[in-house]
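For reference, the structure is listed below as structure tokens.
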2 protein chains.
Amino acid sequence: MGRPRTYTRDAVVEKAMGVFWQNGYKATSVSDIVRETGLNTASMYKEFGDKNGLFLEALEYYRGNVIGPRYQILVDNPNMAGVETFLRNVMTGAAKTEYKGCLMMNHLAQKHAISSDAAIQVGAFCDEIESLVKNALSNAQSDGDIGPDKDPAQLASFVVFCVHGAVLYGRHDTKKALISNFYDVIMRALRN
Amino acid sequence: MGRPRTYTRDAVVEKAMGVFWQNGYKATSVSDIVRETGLNTASMYKEFGDKNGLFLEALEYYRGNVIGPRYQILVDNPNMAGVETFLRNVMTGAAKTEYKGCLMMNHLAQKHAISSDAAIQVGAFCDEIESLVKNALSNAQSDGDIGPDKDPAQLASFVVFCVHGAVLYGRHDTKKALISNFYDVIMRALRN
DNA sequence: GTCATTTTAAAATATTTGTTTTATAAAATG
DNA sequence: CATTTTATAAAACAAATATTTTAAAATGAC
């Protein structure tokens, strides 16, 4: 009972994620959030505790709803075919989305600007996706799809670096060209 | 005449660069700067105008004194041999330096946190180093050291991405392994 | 030694920004 | 309809942080 809220939690978190993604944690003020989400300041504090609390949920949302689906293919097909499809999807998808980099990676260079809880979440995110890729590459190696001399862990590092870093580095004009080139470069690194 | 200053401009800029490098622009307060450089607040404002003014000089210093020397080899040897030496130097050097990423690239994901002047300087920096690499790769192509089907511009993008992004992405534990692997991956991408 | 000049130290100011409070509005319950 | 409950709007508060000011200190010039 009581007065019904005019917002839905999920919509707020999603919009907040967009703001944090665009500006970075420190450069997003609570006023920015309030303006962009339409959420009332008091409601924000009641619902999420504080700015950091909302940020933590935004990170979680990003992991679950933006990145998660992308990596699902590697969960279903942890092998070379999965990796290839994954990379192709990422490259074509990345060319479409606006240039904001990866929300998580963007904050790697801003460790001192975020809470330790947030930093831990970012670290865990890196570990998680890297581990997914490594697992798939390990299986690929067992299947003989990549050479026995390769180190799946190092290659996984490289793949994640490319996937989550490419969009960050590329500026608007060069991004597409960069990405279109990446698939080949990465595949060559894996196969050769 | 007048009271002699207790600081030297260059030393201050260098130290300030370190702080901006470590924390990012927005997460560095003027108090931080004052504490780390030993410079007086008033002297800071007199000498550099404001926090942004000091940041701009720090960026310039970084370009001239940290990155410049690294790229000198490409100015002297704009060819495949130059690129190889350059990459080898970077990879061995990066493994030593502490993990702070690239001061410029770190701020690519923080466009809204820095002044437009600073953003322009970061963009110019990217253009400059990319152009140096591209030029060397173009010559390498003319020399027949990389295939005629390659696109020097795209490869240059990739090389700069790896060189300035690798350290950013790598966390302490994985960085070394990542970097040691990069030289081979990059060279393979160029050559193959 | 005093004066002019510049730096420095410390305090003061101003602004931004995170957070809390107070009063009002919109429902559900009995 | 009165009461209770929760959300909202707007203002108030508090803390951090950028910037300015004021007064004292340290030099060189006359």
Side-chain angles (χ1 to χ4, degrees), chain A residues 1-59 107 110-119, chain B residues 1-59 107 110-119:
Chain A
M1 58 168 132
R3 180 172 175 173
R5 49 187 57 172
T6 61
Y7 62 91
T8 63
R9 226 188 124 86
D10 252 34
V12 166
V13 173
E14 187 179 18
K15 279 186 185 159
M17 174 193 70
V19 186
F20 285 128
W21 200 349
Q22 179 82 344
N23 302 343
Y25 180 77
K26 195 91 184 203
T28 7
S29 68
V30 174
S31 319
D32 290 336
I33 294 167
V34 165
R35 180 170 11 87
E36 297 299 322
T37 62
L39 184 63
N40 188 273
T41 310
S43 307
M44 195 286 253
Y45 279 94
K46 186 168 183 216
E47 189 76 48
F48 303 101
D50 56 10
K51 182 185 164 191
N52 176 59
L54 176 52
F55 182 56
L56 291 178
E57 293 221 23
L59 287 178
H107 287 88
Q110 308 181 45
K111 281 201 192 68
H112 295 266
I114 64 182
S115 72
S116 57
D117 279 352
Chain B
M1 59 169 135
R3 180 173 174 172
R5 52 186 54 170
T6 60
Y7 63 90
T8 64
R9 229 188 122 86
D10 252 35
V12 166
V13 172
E14 186 179 18
K15 278 186 185 159
M17 175 193 72
V19 185
F20 285 127
W21 200 348
Q22 179 84 342
N23 302 344
Y25 180 76
K26 196 92 184 202
T28 1
S29 68
V30 174
S31 317
D32 289 337
I33 295 167
V34 164
R35 181 171 9 86
E36 296 299 322
T37 63
L39 184 62
N40 188 271
T41 310
S43 306
M44 194 285 252
Y45 279 93
K46 187 167 182 216
E47 189 77 46
F48 302 101
D50 55 11
K51 182 185 163 189
N52 176 58
L54 177 52
F55 182 56
L56 291 177
E57 294 222 24
L59 287 178
H107 286 88
Q110 310 181 44
K111 280 200 192 65
H112 296 265
I114 63 181
S115 72
S116 57
D117 278 352

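- Between D:dA26, C:dT19, C:dA25, one nucleotide has an atom nearer to the side chain of A:Tyr45 than all others, and that is C:dT19.
- Protein atom NZ of A:Lys51 is 12 Å distant from nucleotide atom C1' of C:dT19, rounded to whole Å.
- Each of A:Gly38 and B:Asn52 lies near DNA chain D, and the nucleotide nearest A:Gly38 is the one positioned closer to the 5' end.
- Nearest-nucleotide mapping onto DNA chain D: of B:Pro4 and B:Ala42, the residue sitting toward the 5' end is B:Ala42.
- One finds no side-chain N or O of B:Ser31 lying less than 4.0 angstrom from the OP1 or OP2 phosphate oxygen of D:dA18.
- Following rounding to the nearest Å, A:Arg35 (CZ) and D:dA9 (C1') show an atom-to-atom distance of 17 Å.
- Distance CZ (A:Phe55) to C1' (C:dT19): 19 Å, rounded to an integer number of Å.
- Both B:Ser43 and B:Gly2 lie near DNA chain C, and the one whose nearest nucleotide falls closer to the 5' end is B:Gly2.
- Protein atom CZ of B:Arg5 is 14 Å distant from nucleotide atom P of C:dA9, rounded to whole Å.
- A:Glu57 and A:Val13 get closest at one heavy-atom pair: O-CG1, 3.6 Å.
- When the P atom of C:dT5 is taken as reference, atom CZ of B:Arg3 falls 17 Å away, rounded to whole Å.
- Residue contacts shown for A:Thr41 include a base, since a base heavy atom lies under 4.0 Å away.
- The B:Asn40 side chain lies nearest to C:dA9 when the options are C:dA9, D:dA18, D:dT8.
- Atom-to-atom, CG of A:Leu39 to P of C:dT19 comes out at 14 Å; the value is rounded to the nearest Å.
- The closest side-chain heavy-atom distance from B:Phe48 to B:Leu56 is not below 4.5 Å.
- When rounded to the nearest whole Å, the span between OH of A:Tyr7 and P of C:dA26 equals 17 Å.
- C:dG30 and D:dC1 make up a base pair, with Watson-Crick or G-U wobble contacts both under 3.5 Å.
- Residues A:His112 and B:Gln22 share a closest heavy-atom pair of CD2-O, 3.4 Å.
- Checking D:dG28, C:dT19, D:dT21 against every side-chain atom of B:Met1, the shortest atom distance belongs to D:dG28.
- Proximity of B:Asp32 to B:Ser29: side-chain heavy atoms (C-beta onward) are separated by under 4.5 Å at one or more points.
- Residue A:Tyr25 comes nearest to A:Ala113 through the heavy atom pair CD2-O, 3.2 Å, listed as atom of the first residue, atom of the second, then distance.
- Nucleotide D:dA10 holds its P atom 18 Å from the CE atom of A:Met44, rounded to whole Å.
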